[in-house]
Amino acid sequence: MADVHLLGIRHHGPGSCRNVVGALEQLRPDLILLEGPAEADAMMPFVGDVGMQPPVALLGYQPDAPQRAVFYPFAEFSPEWQTMRYALRENVELRFFDLPLSYSLAMSDDGAQQAEEPSDPFDLLAVAAGFSDGESWWDMTIEQRRDNTGVFDAVREAVTALRGAADSDNASHRDLIREAWMRRMLRAAHKDGFGCIAVVCGAWHLPALACQAKVKDDNQLLKGLSKVKVECTWIPWTYDRLMLRSGYGAGISSPGWYDYIWKHPDDDGTLWVSRVAGLLREKNMDISVAHVIEAVRLAQASAALRGLSSPSLAEYNEAVVAVMGFGDDILLRLIGESMVVGDRLGHVPDAVPKVPLLIDVERQQKRLRVPFTAEIKELTLDLRKPNDLERSLFFHRLSLLGIDWATLGVAEGKGTFKERWTLYHKPEHIVCIIERAIWGNTLHGAVQKYLLHRMEDIRYMPELTHLLNLVIPADLPDVVGAMTTRLDGLSAGSTDIVEMLEAVPDLVGIVRYGNVRNLDFSPVANMLQAMIARILAGGLLVCINIDEDAASDLLEHLAATDYAVATLNDSELNSMWCEFLGKVGSASNVHPLLSGYATRLLHDKGLVSHERMHDALRFYSSVGNATADIAYWFEGFLRSSGSLLLLDDHLWGLVNGWVCDLSDADFKELLPIIRRTFSLFTSVERRKLGEKARGYEENSKASSVSVGTSCNYAEAQKVLPLVCSLLGLEIK
């Protein structure tokens, strides 16, 4: 019988990693069985490539459904990674002996899967030992353990006790199948005649591998498993995605800290606290060497009081807060992301097999100098510069493919030649690129075919105009031409006025953008003119006899369309639109919310006289109207008018004069309606409106003082020559 050694690990633990490397160097095994899918065997040679820099992840996916994928991340301090490096260095045969992905993915019904279950079975041991959670227990008991003699036997005994307890055996059906496959692979290694076999796997599986399960029972579990085609590759990973908060079931809470204790196992904390101090100095904080010394001493004293062999991250955090932050834990936020988590992004060599689309994307990233990075990066582009323009096209095309690595924001300053992008890479972006690879081998070709396919399913005109607005900045003339032709057909067959109103803002944006980029969008301009004409002809009907919800929705479309038409500043379109607003504002049976808003817009455009506006206010506030109608009309009339009332004295005079002319009885009846309308303004606007009303009243009282005996004409005659001289007037 072969000599089998079971080495139970936590998947990302620097202490486990050192223990495994030490055990392998002592055992000098003939074969290593490593937890991982069998398909990873073909990816092993790349581990030794000088261009392979962890953190990286093994990605397995279905070629015909790339969204069904699984990640197996590795950091430099992952026991599996160092096991692979040992096997390559010592020329020892290594086999991945977990259930193949071809079976595992066929069992999955929920798309992308993680390699481990999210629950931590070691929480029970943590509670018994007085720790807050399983990770802190494992970290202190295993990862930072100084004397590792018999550690693997102890881990095996602890896990056996856990799985033997009736109330804690939570092995899933998937785990049972995986463990049956592992036992099958272990039996196959026995038959192949290896003398010494080292098994490196998650500690949770140790009891299942040590038990004497019957072959027929395992075969029964594995019988009839479905199978799919699978491909594998290596992709870069980030420390942030090793975190538990990312949703990774085998995640850890402090990868940056684990990286530190892996690389500096003998440090007494001086280096770590010194790095913390250096980071805080970069934040313009006054941190001295004395702070570092005291923090290290306090962390060591706290560890001794708690019976720990050395300080953990918790002790260092407490010491930093006490000594450097004077009790304020805000310092932990400053060091958390950069040191405790870390911003490292791995790298894979070019020789790793990739889909052609990913190769093209990476080639363009290298040429444009915008590689994937772990940190969030802000980038402002000036489209007048050739390189920035190419970057803009690249980002827009990726976005159109559904790859949200680059997100367009609002550029600082005015003009149409600035774009501000936020770059944030997630490993899932590579999966998305692989998924889109079915549309083409290059980014330009893939985005064209993908958009043309999307266009075929669009029947709603605003959806198409919105997509066309997004396509124009990507410089895809063939797609723009095809979409314009389809848009022409949809607009010709549409009779829905609301749909037309919703489409107008995007059409205006297309026409304006075409003017900026010297593109010919005259067909779209003609389409826009015809659409406004059709709104003028039949739009009034959709405003009549409708309820409050429909009126509110229609109001939003009217506001967006009015802004768009005003922005385009075309005299003919403005004339038609104002004529439509005039109909809405004066027609009977139009919902008062829309009538009030249309009246206000016409007033803002200077198309309603002061007298007519005053008459409208009196008419719509008369007691013959229903209270609800009065409320809706004023809500529409004063929509978003807080600042306008403050700045437009003419409008202020109209509203203020109307309120002042109300009788006491009418004012009391309308007061709740007026309060409802003004409640929509911001608190600052309401306060300033109150101040303006008080000042307006005081000025009115001052101007109403009668000019009589209190006016001294003799004294006025003395200053009159000087006033006339200053004004350049002749005294008569």
Side-chain angles (χ1 to χ4, degrees), residues 11-12 32-47 52 54-74 78-81 83-84 87 94-118 171-186 188-189 199-202 204-205 208-209 218-219 221-237 241-242 247-251 348 352-355 358 427-428 430-435 437-438:
H11 287 292
H12 305 291
I32 298 175
L33 296 179
L34 180 61
E35 182 180 340
E39 291 85 354
D41 287 335
M43 297 290 105
M44 261 292 291
F46 297 106
V47 175
M52 183 73 83
V56 293
L58 180 71
L59 168 64
Y61 62 94
Q62 292 181 225
D64 56 344
Q67 69 275 13
R68 297 175 65 84
V70 61
F71 305 103
Y72 291 86
F74 302 98
S78 299
E80 300 94 331
W81 182 260
T83 298
M84 289 186 281
L94 183 146
R95 297 177 184 176
F96 289 91
F97 79 126
D98 202 347
L99 185 70
L101 284 175
S102 55
Y103 297 118
S104 181
L105 285 179
M107 295 165 57
S108 303
D109 295 324
D110 53 354
Q113 298 290 319
Q114 299 295 345
E116 290 292 321
E117 295 295 329
S172 65
H173 180 66
R174 176 188 290 272
D175 276 344
L176 295 177
I177 292 176
R178 290 174 58 201
E179 289 164 354
W181 184 273
M182 291 179 186
R183 289 190 292 267
R184 173 183 286 185
M185 295 295 292
L186 185 56
V199 178
V200 181
C201 66
W204 185 249
H205 303 296
L209 298 181
D218 286 346
N219 291 339
L221 272 174
L222 300 173
K223 183 179 180 181
L225 292 179
S226 301
K227 192 174 184 179
V228 296
K229 184 179 180 181
V230 171
E231 291 185 6
C232 288
T233 187
W234 289 103
I235 64 172
W237 205 253
R241 301 301 287 181
L242 281 175
Y248 173 41
V348 299
V352 170
K354 303 172 185 176
V355 295
L358 179 57
E428 291 86 346
I430 295 179
V431 178
C432 191
I433 293 174
I434 294 173
E435 184 179 357
I438 61 173

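Residues Leu34 and Arg95 have side chains not in contact (no heavy-atom distance under 4.5 Å, counting atoms from C-beta outward). Contact of the Gln62 side chain with the Glu231 side chain is not registered, since no non-hydrogen atoms from C-beta on lie closer than 4.5 Å. For the pair Pro54 and Phe74, the minimum side-chain heavy-atom distance is 4.5 Å or more. Residues Ile430 and Pro236 form a side-chain contact, since some pair of their non-hydrogen atoms from C-beta on lies under 4.5 Å apart. At a threshold of 4.5 Å between non-hydrogen side-chain atoms, the residues Leu221 and Trp181 do not count as touching. Looking at heavy atoms from C-beta onward, Val200 lies out of side-chain contact with Glu35 at the 4.5 angstrom threshold.
The ring pair (Phe, Tyr, Trp, His ring centres under 6.0 Å) search around Trp81 returns none, not counting sequence neighbours.
For the residue pair Ile32 and Ala87, the shortest heavy atom distance occurs at CD1-CB, 4.3 Å. In terms of heavy-atom proximity, Pro37 sits nearest to Asp98 at N-CB, 4.0 Å. When all heavy atoms of Leu242 and Pro73 are compared, the closest pair comes out as CD2-CB, 3.7 Å. When all heavy atoms of Cys232 and Gly60 are compared, the pair lying nearest together is SG-CA, 4.1 Å. Trp234 and Val47 get closest at one heavy-atom pair: CZ2-CG2, 3.8 Å. Closest approach of Val431 and Phe71 over heavy atoms only: CG2-CZ, 3.3 Å.
In terms of modelled atom types and a separation under 3.5 Å, the side chain of Arg183 and the main chain of Ala208 share a donor-acceptor contact. Between the side chain of Glu435 and the backbone N or O of Ala65 there is no donor-acceptor pair closer than 3.5 Å. Distance alone, capped at 3.5 Å, places no donor-acceptor pair between the Ser104 side chain and the Pro100 backbone.
Remark: Leu101 CG to Arg68 CZ distance equals 12.0 Å, nearest 0.5 Å. To the nearest 0.5 Å, atom CG of residue Asp175 and atom NE2 of residue His205 are 5.5 Å apart. Note that CG of Leu99 is 6.5 Å distant from CE of Met107, once rounded to the nearest 0.5 Å. Considering CG of Asp41 and CG of Leu94, their distance stands at 7.5 Å, rounded to 0.5 Å. Atom OH in Tyr61 sits 6.5 Å away from atom OG1 in Thr233 (nearest 0.5 Å). One distance of note links CG of Leu186 with CD of Glu179; it measures 12.5 Å at 0.5 Å rounding.
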message: Assess the residue pair Tyr103 and Val228 against the criterion (side-chain contact (heavy atoms from CB on, under 4.5 Å)); give the C-alpha distance rounded to whole Å, side-chain angles, the decisive distance to 0.1 Å, and a yes or no.
response: CA-CA 7 Å; Tyr103 297 118; Val228 296; over 6 Å; no
- request: Would you check, one step at a time, whether the test salt bridge (Lys or Arg N to Asp or Glu O under 4.0 Å) holds for Arg184 with Asp218?
  value: CA-CA 8 Å; Arg184 173 183 286 185; Asp218 286 346; over 6 Å; no
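Across Met43, Met44, Glu80, a single residue satisfies side chain to side chain contact (heavy atoms under 4.5 Å, CB included) together with Phe96, and that is Met44.
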